[in-house]
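The structure displayed is predicted, hence computed values, not measured ones. Naming: A, B, ... by sequence-line order, numbering from 1 per chain.
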Number of protein chains: 2
Amino acid sequence: MSTPRLTDVAVRAGVSMKTVSNVVNGTGSASEATRARVRAAIEELGYRPNVTARRLATGQTGTISVAVSSVTVAYFAELSNRLDQAARKQNLRVVIEQTHGARTNELAILQERERGLVDGVIFHPVSLTPEDLAGQRPGFPLVLLGEGPAPATVDHVMIDNVAAATEITRHLIERGCRRIAFLGAERSGLTHTTGQRFDGYRTALRTAGLRPDPRLRLTVDHYSADNGFRVVTAALEAGIGFDAIVCRDDALAAGALHALHTRGLAVPADVAVAGWDNLIISRHLWPPLTSVEPDKTAIAETALRLLHDRIGGYEGPGRHEIVAAQLLERDSTDR
Amino acid sequence: MSTPRLTDVAVRAGVSMKTVSNVVNGTGSASEATRARVRAAIEELGYRPNVTARRLATGQTGTISVAVSSVTVAYFAELSNRLDQAARKQNLRVVIEQTHGARTNELAILQERERGLVDGVIFHPVSLTPEDLAGQRPGFPLVLLGEGPAPATVDHVMIDNVAAATEITRHLIERGCRRIAFLGAERSGLTHTTGQRFDGYRTALRTAGLRPDPRLRLTVDHYSADNGFRVVTAALEAGIGFDAIVCRDDALAAGALHALHTRGLAVPADVAVAGWDNLIISRHLWPPLTSVEPDKTAIAETALRLLHDRIGGYEGPGRHEIVAAQLLERDSTDR
DNA sequence: CTGAAAGCGCTAACAC
DNA sequence: GTGTTAGCGCTTTCAG
């Protein structure tokens, strides 16, 4: 027995396809008697609507996709989750896709190699270059997340990285730190996001009359706790002295804490540590981690609103929205 | 200008739809000359195939979905990621869906309210009861993950929880721990998974001639670091003494560590702590966390293999595969 | 190697 | 309130 279709239900219930369709979707109207008959037929046959066919007919999918590098990066997991929750309220279904940070995968999203899968996409690129994005004018509803370069044509949600980085660095300076390292510069040139955070860090140093020391710019390959651990361990072994670390994100910070503990250094007494993203785990690290918290709920809701407009047909120029970020002070910088 | 379709390309290239289809999909054959013409037409028109239509025509989607409670639960994020990577190798696309652990959402997956979205699903239920699953015979390719109750008709991948729990508890006993708490029993009755881990824990205690103390069974609402922190803090304040904690998972363990540090207790000297899942972060907690590591890659590959069979038409009885789990000893129990 | 035509399962006009 | 019919954009026999 092949799977039952709408027609089968219609025949069984002795009504037309249209009526069945109405009952299934709650559209149009039907007498309570026929409704019952139709529902009975559906039940008996085990009928399930075929979404693909519906999508083809309506051109709408009721689904959006969230594309991030990897859900194993806690920040993306948490952000995807907020997007999912916000979308659910609007009866939108969310599927999460991983790009693994690969430029080819990211380009594939931009070029929409395939059409019709989803109504729109919310995309946080990490490897795309300004050139990749320049002049892009996607033929489908798209909202970009993060501080990467966004063309004027595309909607974009970000936070004010420079301001937050300045604030977190000043916070450390106020607590008496003088040799403040920056952990998370990419070996292969700064990404946009990191660049902004680094700028804010330098600005705060300069404002306080401190001179940025290039040796305190700690370079990583990935934003992972593993890498943070290795890099900070290496820096300590190399005898580079510092009394604070501004970490590009909390995963790196977790590794940094581990490295400091392993070397027997006290946090924050010997070295204060601050991170970024305020991950769920961050308040349970030891000591609890001071972190910049981007308002993830606001990011999700803003992105969804922009996407909703696009899906609704808005074709105006790209809108760039800046969402709040807040410094959460915890023990790792309390000195 | 509406979006170009296959016909438009065909007209432009002066060939038939079939030929364009061949070129796009690499099927059939076409002379190099026509190929070039078709490709040029595609380029000029900006044509992108419509997956929905293709899906409807072929009945295949080339996509599977991975349904987990939430990607903010690090274990699920890491598992989903492995599944994604394993599937990619087979040219399968993976979308991740969240159920938020809600029974209605989980039931919806089982009942496949909608058809045609994906070729199959790999599903880790958390709220489904044995009754929900009993007698289920899904009309679509499905593989269940985790230690929940699986009907004999459905494929299932799990680890040997009892054995691993016994091992981890024995490990603590060998290190001199005598009052070993179990953190993670659910307030509303043990889930299957927790039940197995608790069984293993008790078995090890009994084997060693220790008597399980009900006061050492620490009850939680969620498997989160927050909850672990609160529950362990409360237990310490209540004066419940223990020299080790077996945690149902690493998230709870992270909270437990935080609680112990906050109360000024030394780990592992005063209290040893062990967890489950070996999350990416676990080795960077302080002290690095001893953890049971389910072989996530093996879980992913096994699940995918089973699903592949089902998609290929296998209709035999459910297969239940047990994947290895390994105890990773780290400093949190090194005493 | 290429073309014409019949679906895939559903929705949405438009009649009745 | 209910039925008929023409697509949605693609793949795929089956001829040519």
* To do: Tell me which of A57(B) and K18(B) sits closer to the 5' end of DNA chain C, going by the nucleotide each one is nearest to.
  => K18(B)

* Asked: In whole angstrom, what separates N22(A)'s CG from dT11(C)'s C1'?
  -> 10 Å

* Are L117(B) and V95(B) side-chain neighbours, meaning at least one heavy-atom pair lies under 4.5 Å? -> no

* Could you give the CG-to-C1' distance, from L45(A) to dG9(C), as a whole number of Å? -> 15 Å

* **Between dG9(C) (P) and D8(A) (CG): distance, integer Å** => 9 Å

* Give one of base, sugar-phosphate or nothing for T52(A), where a contact means two heavy atoms less than 4.0 Å apart. => nothing

* Flag yes if more than 12 heavy atoms outside E32(A) fall under 6.0 Å of its CD atom; otherwise flag no. => yes

* Asked: Does a nitrogen or oxygen in the side chain of S21(A) sit under 4.0 Å from OP1 or OP2 of dG3(D)?
  -> no

* To do: Name the closest nucleotide to the T19(B) side chain, picking from dT11(D), dG3(C), dC10(C).
  => dG3(C)

* Asked: Is it true that atom NE2 of H100(B) has more than 12 heavy atoms of other residues, nucleotides or ligands lying nearer than 6.0 Å?
  -> yes

* Structure fact -> From the list L307(B), V154(B), D309(B), side-chain contact (heavy atoms from CB on, under 4.5 Å) with V143(B) holds only for L307(B)

* Asked: NA contact type, V51(A), heavy-atom cut-off 4.0 Å: base, sugar-phosphate, or nothing?
  -> nothing

* To do: Please report, rounded to the nearest Å, how far the P atom of dG9(D) is from the CG atom of L6(B).
  => 11 Å

* Asked: Looking only at side-chain N and O atoms, does T58(A) come under 4.0 Å of OP1 or OP2 in dA12(C)?
  -> no

* N25(A), nearest nucleotide to its side chain (from dT11(C), dT11(D), dC10(D)) -> dT11(C)

* Structure fact -> Taken to the nearest whole Å, CG/L117(A) to P/dC10(D) is 14 Å

* Heavy-atom pair with the smallest gap, counting every atom of V38(B) and A13(B) -> CA-CB, 4.0 Å

* Asked: Given dT11(D), dG9(D), dT2(D), which nucleotide is nearest the side-chain atoms of N50(B)?
  -> dG9(D)

* Calculate the interatomic distance between L56(A) atom CG and dC8(D) atom P; express it in whole Å. => 9 Å

* **Closest listed nucleotide, where the reference is the side chain of S16(A) and the choices are dG9(C), dT2(D), dT11(C)** => dT2(D)

* In whole angstrom, what separates M17(B)'s CE from dT11(D)'s P? -> 8 Å

